[in-house]
Each structure stands twice: as structure tokens, then as C-alpha cells.
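Keep in mind it's a predicted model, so treat the numbers as computed, not measured. Below, chains carry the letters A, B, ... as their sequence lines are ordered, and counting in each starts from 1.
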There are 2 protein chains.
Amino acid sequence: MQPFYQLYSQLEPELQEEIEKNATIKTFTTGDIIIRTGQYVKSTMLILEGMVKVFRENEEGDEFLMYYIKPGEACALSLVCASKMEASKIMAKAVEDTTILMVPIQLMDEWMANYKSWYYFVLETYRNRFEELLVLIDHVAFRNMDERLQFYLNRHSEVNQTKKINISHQQIADELNSSREVISRLLKKMEQRGLVSLHRNYIEML
Amino acid sequence: MQPFYQLYSQLEPELQEEIEKNATIKTFTTGDIIIRTGQYVKSTMLILEGMVKVFRENEEGDEFLMYYIKPGEACALSLVCASKMEASKIMAKAVEDTTILMVPIQLMDEWMANYKSWYYFVLETYRNRFEELLVLIDHVAFRNMDERLQFYLNRHSEVNQTKKINISHQQIADELNSSREVISRLLKKMEQRGLVSLHRNYIEML
DNA sequence: TTAAGCTCGTAACTAATGTCACCGATTTAT
DNA sequence: ATAAATCGGTGACATTAGTTACGAGCTTAA
């Protein structure tokens, strides 16, 4: 695991000390739900290791994938929700064994005033998530399912640094809010066009 | 027009003075484009009067409505983009005659450090837009066009405080990224269910 | 080892949405 | 005044996506 000071090197040393002094470390194993929709957010979360997927849920419990959070990044929504002690509007799941620094929210305001690097970090986190949401909106607004599927696979491949995507058609369908049959059909077409090769429980990007 | 200090009463008086001293006022008439996609953002914008619609555009120039900005609110994206002198990722249009305070971005950092109310204002603006985007994503991800249309009409009605919506079917179709015929069809159904009454160039909510 | 439960393929059908063609009515520009 | 453009209604059809149904192979747990 990369050490904290290296992952968050943009934070000034005094702030890094502050964080290490006040934060607690939580670990999650693959599949664990880190925060549920509606749960109260009491901490800001900084990812140290692993990988987190962030979902938006509807009333029926369908899970729509929004974005990934990687080591060195913070959960933008934990930054907002935490500052107001609000209920989480999203659900976050560990997709690998994941280590997270939990920072009590009371410190956020203080740091914001005293550490310029914290303020920049928070703004930058917001900015990045905001832009990711814009791209996501583009896709659901302007694209058909075949393009969205390709985007999904590419992103998965990039984020996990591998051409081999270990995932079932069912799970893809859930995260794109489609159905298994539709995804299988589209994947088959992609295979015929030579874009992927399909196997049980994994897809290979070509 | 409500005076500045009343619209932005959450900002501390010293900051209000700073703003009034440094800002320039720009006026736009109905239909004017306030900022185009790709244009460089050099100022933060605070709405004083009127109404602004914010769109996301695709390569073909289709315009997808994201949200409204009302007096007393700031453009969240002008806050982010401006801080980095980046190209705008959205297009904003005046839907009424609109007056906007333009604040040079150099001052943002300074204010952020010196005025707690500014920092809260920026964070709050982000938070609100973020949540609006989440709701928007819910709609395009989980809802069919009929529900999205109803949401569109309700929001329009609320934002403009009127049951009479002056808009053509074509424009609704554009902003929902659908087609005129589909919208006409769905509106007809809504009329048959007694939800609206249709007229040339306006729709009445019942 | 046997049953249950995933996983994926596929065909047939339905539903939702988009497209094309055409119409008459109204408004706007010249 | 006349032509051009906008507006909306509508039927026919195409495309995309979702649903139902079923089968066959693999994995897991009792």
C-alpha cells in the first residue's frame, strides 16, 4: 500500500499530521457496503487502498453506477453531506478490499480555514465529480445502450488497469439499469465486430 | 429588482461591499446566450434578476436542459471553471431579461480565505447543484419520457410561478432530447387524463 | 452426488421511442 | 398581400429496449 503522505502529497505536511492524528482507519472487504442511501454521514472519507463504486438508487432498490473512487481521492458527497450532517444520497460499495481514512467532520471547517491545501483539495474533488456527472448525463441523455455499454467496459478496463473484466452480464445490466438479455445481445454484437471476446464470468477487451 | 444585499443576505456586509466595489453588471435580454460551451470563463456570475437555463450540449448541437438559476444563486460551474480559467462545459441562456453580477475570478481565492460566508456560499452552491444533478440522473436513468415530461412541466411551472407554460412542443422536445412528435403524443395523453390543457404556444397545468 | 442456483444464449413478443410523411392553421417577414 | 416559417395533429412504420420463456453448462452447498 502506498503511504498516506505519498497518496495525498498535495496536502501540506502540517495538515497531513493533523489528519493522521485525528483519523481512524476502516477496512472493508470486497462487496461490503461502505455507506447506504439514507444513512447519516458523520465522517469524510479518504481512500487509501482498494476501489469504491458509487451508486444512485431508486425506490425499487435498483443500483445505477455513477463513478469510481480510487486511492488518493475523497468521496465528494461525504464532503458535502458531512458538512451538514445530512443523509447520504448515494450508496458506496467496496469492489476490492479497501482501506479508508475516516475523518470526523467537525475538523472540516477548521481545516478549511487553516489549510489552503485542504480547501483546494475539497474544491478539486468537487470539480472532478461534477465533471464526471456531466459526462454521465451526456451518456444517458444522448447515447444508446450499445455506446453506454462500450463506455462502461472501457472505464472498467481503465480503472482496473486490465483488459480482462471479471463481471457477469447480469451485473453490467444492473449497473446500467438495463436487463441481462439486452446486455448479452449487445455484447454478442460487439464480439461479432471483434471488439471483445466473451467467456463465463469475464470479458476480454481486444 | 430586489437589491443585492437582500438577495445575498447570507454574505457578510464587508464582503458585500467588496463585491459591489469589484463587480461589473451585465444585462441580457430573453434568448441571449450568456456563455457558450468551450468559451473561457473569466468571471464568477451572481444572478441579480431574471432567469437562466443551463444546458449540456453534444457534438451535434443538441441542448439538454440541466437546471435553472434564479436570482440569489450563482453558477456553480462558473465557480469551478473560473478558479482554473477553464473552458465552460455548459451553455447558459437567459430565458427572461436577466441582470448578472460579474466578479473577476482573481478575487475568489482571496475571498475564500478571508470571508467565511463566501466559503459557505460556494460550498452550498456546489452542494445544491450536485443534488440537482443527482435528481436529473435519476430521471434519465430510471424514468420513461412521460414521467420526465411531467417533471419538466412541473419544474417549469414552479420556477416561473405560473400554471401557464409558454413554450412550444418543439422546444420541450429539444430540452428533453426527444422529438416533437413524441412530446405531442404524450401531451395529448396527459390532456386526455385531465392533467393539462393544450393551446398554441402554451400549456396550462390543471 | 444431487439439487439448487448462477451464467449465458437465444427466440418471440411487447412496449417505448424515434422517424417520416403529410395536413391545416397561424404567425412572421418581405 | 403573399410567401415562408412555425406550430401542432396524426397515421404508418422503424428501431431500440425490455420481457417472457426455455435450455444447457457450470458452480456450490447440503
Side-chain angles (χ1 to χ4, degrees), chain A residues 30-31 58-65 137-153 156 164-205, chain B residues 30-31 58-65 137-153 156 164-205:
Chain A
T30 305
N58 70 359
E59 318 77 43
E60 282 94 40
D62 299 326
E63 305 171 355
F64 187 78
L65 174 63
I137 286 173
D138 281 356
H139 277 84
V140 281
F142 296 126
R143 308 293 184 174
N144 286 344
M145 195 56 79
D146 54 349
E147 289 184 272
R148 288 175 52 203
L149 175 57
Q150 290 202 35
F151 177 76
Y152 175 94
L153 295 175
H156 191 295
K164 194 180 162 199
I165 301 177
N166 294 293
I167 202 166
S168 72
H169 298 185
Q170 185 62 62
Q171 192 180 342
I172 299 176
D174 290 344
E175 298 189 355
L176 290 172
N177 195 49
S178 178
S179 69
R180 204 255 319 158
E181 294 87 338
V182 171
I183 298 301
S184 290
R185 227 157 42 199
L186 295 174
L187 281 172
K188 221 19 164 194
K189 277 188 204 163
M190 285 180 69
E191 190 176 43
Q192 284 159 6
R193 289 197 289 148
L195 299 174
V196 294
S197 113
L198 303 180
H199 314 265
R200 187 184 177 85
N201 276 316
Y202 76 94
I203 296 167
E204 208 185 332
M205 307 278 293
Chain B
T30 307
N58 70 358
E59 318 76 44
E60 282 95 38
D62 300 325
E63 306 171 355
F64 188 77
L65 175 63
I137 286 172
D138 281 356
H139 277 86
V140 281
F142 297 126
R143 309 295 184 171
N144 286 343
M145 196 54 80
D146 55 349
E147 289 183 272
R148 289 177 52 203
L149 175 57
Q150 290 201 35
F151 177 75
Y152 175 94
L153 295 175
H156 191 295
K164 194 180 160 198
I165 300 179
N166 295 292
I167 203 167
S168 72
H169 298 184
Q170 184 63 62
Q171 192 180 343
I172 298 176
D174 290 344
E175 298 188 356
L176 289 173
N177 196 49
S178 178
S179 69
R180 204 253 320 157
E181 295 89 332
V182 171
I183 299 301
S184 289
R185 228 154 43 196
L186 295 174
L187 281 172
K188 216 44 180 172
K189 277 188 203 160
M190 286 180 70
E191 189 176 42
Q192 284 158 8
R193 288 197 290 146
L195 299 174
V196 294
S197 113
L198 303 180
H199 313 266
R200 186 184 177 84
N201 275 317
Y202 77 92
I203 296 166
E204 207 185 330
M205 308 278 292

Would I172(B) and H156(B) count as a side chain to side chain contact (heavy atoms under 4.5 Å, CB included) here? Give the steps.
CA-CA 11 Å; I172(B) 298 176; H156(B) 191 295; over 6 Å; no

side-chain N/O S178(A) vs dG18(D) OP1/OP2, d < 4.0 Å
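So the side chain of S178(A) is within the cut-off, an N or O lying under 4.0 Å from OP1 or OP2 of dG18(D).
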
Could you tell me the separation between the [atom1] atom of [X] and the [atom2] atom of [N], rounded to a whole number of Å?
{"X": "R185(B)", "N": "dG18(C)", "atom1": "CZ", "atom2": "P", "answer": "9 Å"}
{"X": "R143(B)", "N": "dA17(D)", "atom1": "CZ", "atom2": "P", "answer": "20 Å"}
{"X": "H199(A)", "N": "dG25(D)", "atom1": "NE2", "atom2": "C1'", "answer": "16 Å"}
{"X": "I183(B)", "N": "dC7(D)", "atom1": "CD1", "atom2": "C1'", "answer": "15 Å"}
{"X": "M145(B)", "N": "dT16(D)", "atom1": "CE", "atom2": "P", "answer": "16 Å"}
{"X": "H169(B)", "N": "dG8(D)", "atom1": "NE2", "atom2": "P", "answer": "4 Å"}
{"X": "N201(B)", "N": "dT26(C)", "atom1": "CG", "atom2": "C1'", "answer": "9 Å"}
{"X": "I167(A)", "N": "dC6(C)", "atom1": "CD1", "atom2": "C1'", "answer": "15 Å"}

Could you tell me if the side chain of S168(A) sits less than 4.5 Å from the side chain of N201(A), heavy atoms only?
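Touching, per the 4.5 Å side-chain cut-off.
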
Using only heavy-atom distances, decide whether a donor-acceptor pair under 3.5 angstrom links the side-chain of [X] to the base of [N].
{"X": "E181(A)", "N": "dC8(C)", "result": "no"}
{"X": "R200(B)", "N": "dT6(D)", "result": "yes"}
{"X": "R180(B)", "N": "dG9(D)", "result": "yes"}

At 4.0 Å (heavy atoms only), tell me whether S179(A) reaches a base, stays on the sugar-phosphate, or touches nothing.
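Answer is base: heavy atoms of S179(A) come under 4.0 Å of a base.
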
Testing the basics here: between L187(B) and V196(B), what is the closest heavy-atom pair and its distance to 0.1 Å?
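Distance-wise, the nearest heavy atoms are O-CG2, 4.1 Å.
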
Between E181(A) and K188(A), does any side-chain N to carboxylate O distance fall below 4.0 Å?
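Not counted as a salt bridge, because no side-chain N and carboxylate O are separated by less than 4.0 Å.
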
Map E191(B) and L186(A) onto DNA chain D by nearest heavy atom, then report which one ends up closer to the 5' terminus.
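Its nearest nucleotide being more 5', the pick is E191(B).
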
Between Q170(A) and D174(A), do the side chains contain an N or O donor and an N or O acceptor separated by less than 3.5 Å?
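Yes.
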
